[in-house]
Amino acid sequence: MPHLVDAHLNPEQLQAVNTISGPLLIIAGAGSGKTRVVTMRIAHMLETGIPQNAILALTFTNKAAREMAYRIRDLTGKKLTSLTVSTFHAFGVNILKESIRHLGYRENFTIYDTTDQISLIKETAREIKFHLESAELSKLVNLFSAVKTGRTDWSSVNEHFRSLYEEYQIHLKLYNAVDFDDLIQLPIRILEGFPDVLAGYRERYRYLLVDEFQDTSKNQYRLMKLLADGARNICAVGDDDQSIYSWRGANYDNIVQFERDYPELLEIKLEQNYRSTGTILAAANGVISHNRNRKHKELWTGIESGKPVELFFPENEQAESEFVARMIKNLAQRENIRYEQIGVLMRTNSLSRTVEEAFLSMNLPYKMSGGTSFYERKEVKDLISYLRVMANPDDDMSLLRVLNTPRRGIGRRSLEQIVALAERRRESLYSAISALCHAAASPLPDRNKADLSSFLEIIEKYQPLFLEKRKKLAAHLKELVSEIDYWGHLVQEFQKNDKIAKWKYRNIEYFIQSLEQWEKDPDNANPSLYTFLNRITLQSRDDLADEDDRGKVNLMTIHAAKGLEFDIVFLLGVEEGIIPHARALDESEENIEEERRLFYVAITRAKEKLYLSSCRRRKIMREVLECTPSPFIEEIPAELVEIREDEDPVDVAEAEDYFARIRSTLAGRD
DNA sequence: GTTCCGTTTTTTTTT
DNA sequence: AAAACGGAAC
């Protein structure tokens with residue numbers, strides 16, 4: 001294997017790359033070259049003649065999956081059309097597409113995201129007259145998820161919600177819809193209940209790899225184990241110190257369970273860090289050593305110690321953002337750092353707002369990954385709901401959304417009657433509407449009947465068009481948008497602010513354009529409406545803009561930054577209550593360890609230089625509050641930190657910026 | 001019965 | 001600051 005010899009792998013890495021069969025656990029510390037090892041290992045497997053389609057690599061985010069597939073392709077120089085690199089959830093969708101009939105659903109099922117789940121819970125509560133406090137709602141989503149995935153059972157929680165949960169489940173099935181948890185749960189039920197289906201998968205996928213293993217939930221582990229127990233060639237790669245998804249059911253115990261389930265496994269620890277300077281690594285080690293619940297490991301680096309960690313105390317969040325923006329401009333000018341090598345990280349999405357404003361006003365190009373997804377914007381979601389109704393008319397939640405959007409005069413009263421009828425006949429709203437419109441003696445006045453019919457006609461007209469496979473989805477959607485006069489709807493809804501209306505319409509155009517791009521892509525094997533819809537609900541966050549990422553500063557949450565690295569990292573809002581987050585702590589004091597891991601992940605993203613900033617005051621909701629620096633700051637060994645407290649760093653930066661500008665103007669003249 | 005307007009509430013992280 | 005909800009106007 002010529003490239004592997006050339007690759008300068010350390011002995012542990014080499015062993016990991018060369019161990020292809022049998023169970024393997026790789027504990028890979030931050031920056032220990034994990035991605036390199038994983039991709040080379042797969043390349044090596046291919047070189048030894050293992051067919052592409054026998055390999056299944058599972059990741060957590062689409063970004064990670066794409067990145068891995070890309071790196072393997074790059075390494076082997078091959079196209080690799082039948083290699084499966086996919087997220088757990090996307091893989092679940094594939095199993096469901098093949099076999100969901102076994103469970104009594106139809107293949108055109110709709111996937112509900114969290115927003116849809118919340119509306120469904122509300123709707124269900126209304127129907128069974130279950131009184132809900134609005135504060136309970138988001139907790140309920142978590143509770144239902146915990147129940148569904150077996151993290152909790154009813155005996156240990158408030159039994160009170162049980163009937164609501166059961167009704168929620170009944171509705172999902174009635175709508176032919178599944179939620180995110182079902183994407184793991186239902187495949188498990190299929191594989192456990194139908195041995196021949198399981199045998200098929202085991203026969204095909206003889207080599208499994210699970211990345212970010214510390215973030216697998218109990219169910220994902222169960223799914224993985226079902227698939228792996230045929231050939232038992234299973235490689236799990238992870239780092240317990242980077243486990244930051246326990247709130248989503250990720251379970252550190254899976255590492256222990258893995259050792260128990262595969263006693264013959266080989267365990268390899270990668271402890272040499274190739275990413276960060278000695279200072280940054282020492283800071284990270286100092287922090288993480290305060291966690292009690294961890295596997296012992298000591299990361300070390302051969303890289304020299306480098307520059308100190310710099311700590312700033314800006315007056316408020318505006319000053320913080322402006323400071324970062326100026327600092328970045330300076331770095332770009334004086335040290336020739338490229339924007340895409342800079343990461344600006346924060347604990348919560350809401351902190352990004354001020355930063356974006358500052359960057360915008362200073363003309364600093366950036367890209368925010370995470371935040372409200374493009375697909376969650378109302379106008380886009382409206383169109384998606386139309387498409388979902390075309391794909392699966394029984395999807396009541398989507399139907400409710402578009403039934404009176406744009407306004408068609410179908411109000412509460414009509415709706416009540418439709419809902420009552422659907423309830424009585426135990427069928428979907430669509431069927432009920434259809435029945436109401438076609439019945440000779442209708443209980444509705446003629447006017448309402450006409451309104452409903454006009455809606456029905458639109459669906460009936462477009463449904464067959466959207467289901468044909470002629471790569472004309474975008475064209476049909478364009479037509480639909482003009483037929484329902486969505487533009488007129490926007491103008492009417494935003495009479496006072498036509499800028500907003502225009503902006504929203506541009507989003508619509510952008511959405512249609514991205515659909516067109518997707519369906520016209522020659523590499524796209526199956527450009528059907530179903531595939532498109534499934535794809536975008538799973539994609540929800542990051543993604544989209546691919547090519548033009550270069551030359552932009554990366555703005556993101558710490559969660560979104562996992563697996564990435566930057567020359568320079570700014571971590572904002574390092575304040576008590578933000579990191580560790582107050583809500584996490586009042587849920588349970590034990591969460592402090594996970595918050596600390598989050599802080600650790602943020603630090604270890606930096607290769608050369610780390611800046612921390614902790615505001616003295618910050619506006620939270622609409623109050624300005626005094627802030628205390630995060631207790632984690634003190635866990636960094638003091639000698640590594642340089643505090644910029646007194647002098648006003650903004651002025652310094654401004655002065656430098658000023659001179660730099662003069663210099664470059666003069667340079668430009670001759 | 002439907003729409004409009006003013007009041008209240010909300011922000012942890014993601015598939 | 002924006003969305004979602006509930007009550008009053010049309």
Side-chain angles (χ1 to χ4, degrees), chain A residues 58-65 86-93 111-115 117-119 122 126 132-135 137-139 141-142 145 149 178-184 212 215-217 219-220 243-250 345-354 357 369-373 376-378 404 407-417 444-445 447-448 451 492-493 495-497 500 534-543 556-562 573 577-587 591 594-595 597-598 601-602 619-622:
Chain A
L58 294 171
T59 63
F60 284 82
T61 61
N62 298 299
K63 208 192 238 166
S86 149
T87 63
F88 265 100
H89 289 84
F91 187 68
V93 172
I111 302 169
Y112 279 3
D113 63 22
T114 314
T115 327
Q117 274 185 65
I118 291 178
S119 348
K122 270 188 211 161
R126 197 171 314 168
L132 270 186
E133 302 286 326
S134 61
L137 257 175
S138 55
K139 281 187 191 151
V141 175
N142 290 332
S145 167
T149 58
V178 299
D179 61 22
F180 279 139
D181 291 318
D182 285 331
L183 295 181
I184 310 297
E212 307 284 12
D215 288 330
T216 40
S217 63
N219 287 303
Q220 286 167 328
S243 161
I244 54 177
Y245 284 95
S246 68
W247 48 275
R248 212 175 75 191
L345 311 187
M346 49 219 124
R347 171 71 237 262
T348 66
N349 280 307
S350 56
L351 298 185
S352 75
R353 190 187 201 116
T354 334
E357 277 165 17
S369 31
T372 348
S373 147
E376 270 161 37
R377 296 192 177 142
K378 277 169 285 28
N404 203 28
R407 295 188 195 286
R408 297 191 174 83
I410 305 171
R412 202 182 62 205
R413 199 56 231 217
S414 312
L415 196 57
E416 268 169 17
Q417 295 201 33
L444 287 175
R447 173 134 173 241
N448 291 339
D451 292 334
Q492 204 216 336
E493 294 287 298
Q495 290 165 7
K496 287 165 202 145
N497 196 338
I500 295 187
N534 290 344
R535 182 170 169 274
I536 60 179
T537 32
L538 288 183
Q539 224 180 23
S540 48
R541 304 271 161 181
D542 61 304
D543 300 318
M556 61 185 83
T557 63
I558 302 174
H559 283 90
K562 194 160 69 139
I578 294 186
I579 182 163
H581 200 276
R583 301 247 321 210
L585 290 190
D586 57 45
E587 211 171 76
N591 284 339
E594 173 140 328
E595 295 292 307
R597 287 193 293 268
L598 219 32
V601 167
K619 196 161 150 192
I620 293 170
M621 294 212 225
R622 51 177 181 271

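Residue numbering restarts at 1 for every chain, and letters A, B, ... go by the order of the sequence lines. Here the structure is a predicted model, which is why all the values come from computation and not from measurement.
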Measure distances between side-chain N and O atoms of [X] and base N and O atoms of [N], and say whether any donor-acceptor pair falls under 3.5 Å.
X: A:Arg347; N: B:dT13; value: yes
X: A:Ser350; N: B:dT11; value: yes
X: A:Thr114; N: B:dT15; value: yes
X: A:His581; N: B:dT12; value: no

Heavy-atom donor-acceptor pair, A:Gln117 side chain to A:Asp179 backbone, under 3.5 Å: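 Here the side-chain-to-backbone pair does not exist.
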Atom pair distance, as rounded to whole Å: [atom1] in [X] and [atom2] in [N]:
X: A:Leu598; N: B:dT14; atom1: CG; atom2: C1'; answer: 12 Å
X: A:Ile558; N: B:dT12; atom1: CD1; atom2: C1'; answer: 11 Å
X: A:Lys619; N: B:dT10; atom1: NZ; atom2: C1'; answer: 15 Å
X: A:Leu585; N: B:dT13; atom1: CG; atom2: C1'; answer: 14 Å
X: A:Asn404; N: B:dG1; atom1: CG; atom2: C1'; answer: 12 Å
X: A:Arg535; N: B:dT15; atom1: CZ; atom2: P; answer: 14 Å
X: A:Gln417; N: B:dT2; atom1: CD; atom2: P; answer: 9 Å
X: A:His89; N: B:dT15; atom1: NE2; atom2: P; answer: 9 Å

Opening and closing nucleotides of DNA chain C in contact with chain A, under 4.0 Å to non-hydrogen atoms: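 Extent of the interface on DNA chain C: C:dA1 to C:dC5.
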At 4.0 Å (heavy atoms only), tell me whether [X] reaches a base, stays on the sugar-phosphate, or touches nothing.
X: A:Phe88; result: nothing
X: A:Asp181; result: nothing
X: A:Lys122; result: sugar-phosphate

Non-neighbouring partners of A:Phe60 that pass ring pair (Phe, Tyr, Trp, His ring centres under 6.0 Å), sequence neighbours left out: A:Phe88
Residue list, ring pair (Phe, Tyr, Trp, His ring centres under 6.0 Å) with A:His89, at least two apart or on another chain: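 Partners of A:His89 under the ring pair (Phe, Tyr, Trp, His ring centres under 6.0 Å) test: none.
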Partners meeting side chain to side chain donor-acceptor pair (under 3.5 Å) with A:Thr87 (sequence neighbours left out):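 Side chain to side chain donor-acceptor pair (under 3.5 Å) check on A:Thr87 returns nothing, list empty.
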Qualifying residues under side chain to side chain donor-acceptor pair (under 3.5 Å), relative to A:Ser350, sequence neighbours excluded: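 In terms of side chain to side chain donor-acceptor pair (under 3.5 Å), with neighbours along the sequence ignored, A:Ser350 is linked to A:Thr348.
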Check: A:His559 and A:Leu598 side chains under 4.5 Å, non-hydrogen atoms: yes
Non-hydrogen side-chain atoms of A:Ser243 and A:Asp215 separated by less than 4.5 Å: yes
A:Leu351 to A:Gly573 - nearest heavy-atom pair and separation: CD1-CA, 4.4 Å
Atom of A:Met556, atom of A:Ala561 and distance for their closest heavy-atom approach: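 For A:Met556 versus A:Ala561, the nearest heavy atoms are SD-CA, 3.5 Å.
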Upstream residue (5' side of DNA chain B) when A:Leu415 and A:Arg583 are each assigned their closest nucleotide: A:Leu415
First of A:Asn142 and A:Ser414 reached from the 5' end of DNA chain B, by closest nucleotide: A:Ser414
Nucleotide of B:dT15, B:dT3, B:dT13 approaching A:Arg407 most closely (side-chain heavy atoms):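 Of all the options, the side chain of A:Arg407 is nearest to B:dT3.
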Any donor-acceptor N or O pair under 3.5 Å, side chains A:Glu357, A:Thr354: no
A:Asp181 versus A:Ser145, side-chain donor and acceptor atoms under 3.5 Å: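 Per modelled atom types, A:Ser145 and A:Asp181 side chains form a pair under 3.5 Å.
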Does OP1 or OP2 of [N] have a side-chain N or O of [X] closer than 4.0 Å?
X: A:Asn349; N: B:dT14; answer: yes
X: A:Thr557; N: B:dT12; answer: no
X: A:Asn591; N: B:dT13; answer: no

Stem segments of DNA chain B by first residue number [Watson-Crick or G-U, under 3.5 Å, at least 3]: B:1-10 with C:1-10
